[in-house]
Amino acid sequence: MAAAAPRFRFAPSPTGSFHVGGARAALHNWALARRLGGTFVLRIEDTDEARNRPEWVDGIIEALAWIGISADDPHFEGPLFQSAYSGAHVAAAERLFAEGRAYYCDMTGEQVQERARELGVSGYDGHSRERGLGPGPGRVLRFQAPDEGTTVVRDLVRGDVSFDNSTIEDFVLLRGNGTPVFLLANVVDDIEMRITDVVRGEEHLPNTPKQQMLWEALGHVPPRWAHAPVLVNEQRKKLSKRRDKVALEQYREEGYLADAMVNYLMTLGWTPPGAQDGSEIASWAEIEAAFRVEDVTHSPAFFDIKKLNAFNGEYIRRMPLPDFVERAAAELPDDWDRDRFAAIAPHVQQRLVTMRDVPALVDFLFWPEGAVPGAGFDYDDPSWAKSMGPEWAAPLLDDVLGAYAAVDGWHADELKAALEAVMARYEIKLGKAQAPVRVAATGRSVGPPLFESLEVLGRDETLRRLTIARQRLAGDDGEPVRGASAGSGESAGSGDSAGSGESAGNGESAGNGESAGNGESAGSGESAGANPAGDGVSPPSDRTAPD
RNA sequence: GCCCCCAUCGUCUAGUGGCCUAGGACACCACCCUUUCAAGGUGGCGGCACGGGUUCGAAUCCCGUUGGGGGUGCCA
């Protein structure tokens, strides 16, 4: 008789944002369910009224879809709602009471603490076990845990973990108001949903012996357990919503690719095949085919954004060009010409960390008519002095102006040849000679390859900008002429102010060393006011680890 | 306090008694390439927490120490 298909579950509680740690847990369950031909059950733990909003459930489903866990997949089941099972929770509790496995107690939390202090014990001492209390307002139902022996949790990632039953107190099943507590609800749900494998975060390991007792007391065989290590921050503390950037949605908005995020998340605590002596980049298909919980590491993993960045850049570079152009377009202000961007796209694709860095790399192509760069551009920075400083800068600019006005075609190779012809007279190298031209034409000291950029810019606009720069140079450091300062921004006027420009202090990313981009140009419609960042809308509690 | 988990380069990891003078990836440094910046290439820096065992032999097994983390609620 073939073993029944395994049933996994992912049980997040709805909050305003989706935790990366949760994403990893979901991915683990998903990979297993798919590889083993089982089912991934999504259960929404919505019992806490206070934190329950319908749109949050959509958020969970969307976040899952983003990382490839599609509700349309045949292996996907749900969403199911814990609240729909409240009847079963209470029924289970009553059954445990009827069978003498649980009893009522009228002590308040304070009283329990006080008594523990007097007796010198650590927790609840079983005070009401023999008092024969029945249900009533304010009375909690407690599970009568065994006093002796040990409970062994067979964990797929850690092996057998044993707990001394004497250290497990008679825990609460039903609150004073009759509602079930997490421990009970969770187990009953799993039983009801015929879950066979519980794969979750290590923070749940201490709860596991209690849950296992419940499974057995309720007459069922406990599931296979697997507790993956937690994700931690640089302080080696569990990633917390309060202090760390954990919202999956935020990474998505900042221009991280789902594939990169998924790949990276899976490398925390596990090594994809072939990574032992090569790249850790692996497709989901490869990951899914090879992932086994038994191979998951035992120790906590630091969620390292630097490494995530490396993965993301790698994935961006690997995108087919048309895909890249399409995806990048989403980061551009509406009034930026798509064809013009497409012309330079191949050169920006290999210079990115996140998709959000795109606008700042090409903004010079979209200055409004007659504009000259202003605040936020190197044009107005020390970079100007550095590029224009040499005494040969002015004459060279004059010569380039002349050469470019006369150049036959207007293609990168011709523009390069023309500049090389000019610079030969000054006995300088291309690396130096291009600097003043670059700053003059693009407003930045770094960016996509110069001649390709100029080709896209066009002859008229290039000459115009070189002329203006030349005049400024002559005017001895006078104020820059500002037709419309701040580049494209102001005139963009397409309503999408947004300002991706800020591009999150990516100073080190794609260039523009000094300034982190122009605050107001380059708005990426998407990011607009949204920026949920989780924190704002969700309860500050860290105790929301999906279970 | 009590319970539980963990411990290989800065980080993520490979490693399950000899193949390890410990391998890869990210980061960092240098050089090469080069049209700035990237990318790419080459090389470098850098680790088995400590102390005892077991064994012919230990990063690998056992014990202890130390250090981290998680849990300890009428939260999930």
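Every chain is numbered from 1, with letters handed out A, B, ... down the list of sequences. Owing to the predicted nature of the structure, the values given are computational and were not obtained by experimental measurement.
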>> Given B:U35, B:U11, B:A76, identify the nucleotide with an atom nearest to the side chain of A:Glu45.
In response: B:A76

> For the pair made of CG in A:Leu419 and P in B:U36, what is the distance, rounded to whole Å?
Replying inline: 12 Å

> Considering only B:U8, B:G71, B:C12, which nucleotide approaches the side chain of A:Ser299 most closely?
Replying inline: B:U8

>> Distance check needed: B:G24 P versus A:Glu314 CD, whole Å only.
In response: 18 Å

> Among B:A76, B:G68, B:G70, which is the nearest nucleotide to the side chain of A:Lys238?
Replying inline: B:G70

> When the nearest nucleotide of RNA chain B is assigned to A:Leu183 and to A:Phe303 on a heavy-atom basis, which residue is associated with the more 5' position?
Replying inline: A:Phe303

> Looking just at side-chain N and O atoms, do A:Ser83 and A:Asp46 make a donor-acceptor pair shorter than 3.5 Å?
Replying inline: yes

> When we call it a touch if two heavy atoms are under 4.0 Å apart, what does A:Lys429 touch: a base, just sugar-phosphate, or nothing?
Replying inline: nothing

> Roughly, in whole Å, what's the span from CG in A:Leu268 to P in B:G69?
Replying inline: 19 Å

> What nucleotide, of B:U36, B:U8, B:C12, holds the atom closest to the side chain of A:Lys307?
Replying inline: B:C12

> If you check every side-chain atom of A:Thr267, which of B:C12, B:A7, B:A76 has the closest atom?
Replying inline: B:C12

> Between B:A76, B:A27, B:C3, which nucleotide has the shortest distance from any of its atoms to the side chain of A:Phe163?
Replying inline: B:C3

> Choosing from B:A14, B:U8, B:C74, which nucleotide comes nearest the side chain of A:Thr297?
Replying inline: B:A14

> Ion pair present between A:Arg224 and A:Asp155, side-chain N to carboxylate O less than 4.0 angstrom?
Replying inline: no

> Can you tell me the Watson-Crick or wobble partner of B:A22, both distances under 3.5 angstrom?
Replying inline: none

> Which whole-number value in Å describes the distance from A:Ile428 CD1 to B:U36 C1'?
Replying inline: 14 Å

> Which part of the nucleic acid, if any, lies within reach of A:Val140 when heavy atoms closer than 4.0 Å are counted: base, sugar-phosphate only, or nothing?
Replying inline: base

> Which nucleotide in the set B:A27, B:U35, B:A39 lies at the smallest distance from any side-chain heavy atom of A:Glu452?
Replying inline: B:U35

> Among residues 164-179 of chain A, which residues get a heavy atom nearer than 4.0 Å to RNA chain B?
Replying inline: A:Thr167, A:Val172, A:Arg175, A:Gly176

> In terms of side-chain heavy atoms of A:Phe302, which of B:A7, B:A76, B:C12 is nearest?
Replying inline: B:C12

>> Do A:Asp189 and A:His89 pair up side chain to side chain, a donor and an acceptor below 3.5 Å, judged on atom types alone?
In response: yes

> How many Å lie between CG on A:Leu454 and P on B:U35, as a whole number?
Replying inline: 15 Å

> Which of these nucleotides, B:A38, B:A76, B:U35, is closest to any side-chain atom of A:Phe451?
Replying inline: B:U35

> Between A:Leu450 (CG) and B:A38 (P), how many Å, whole number?
Replying inline: 16 Å

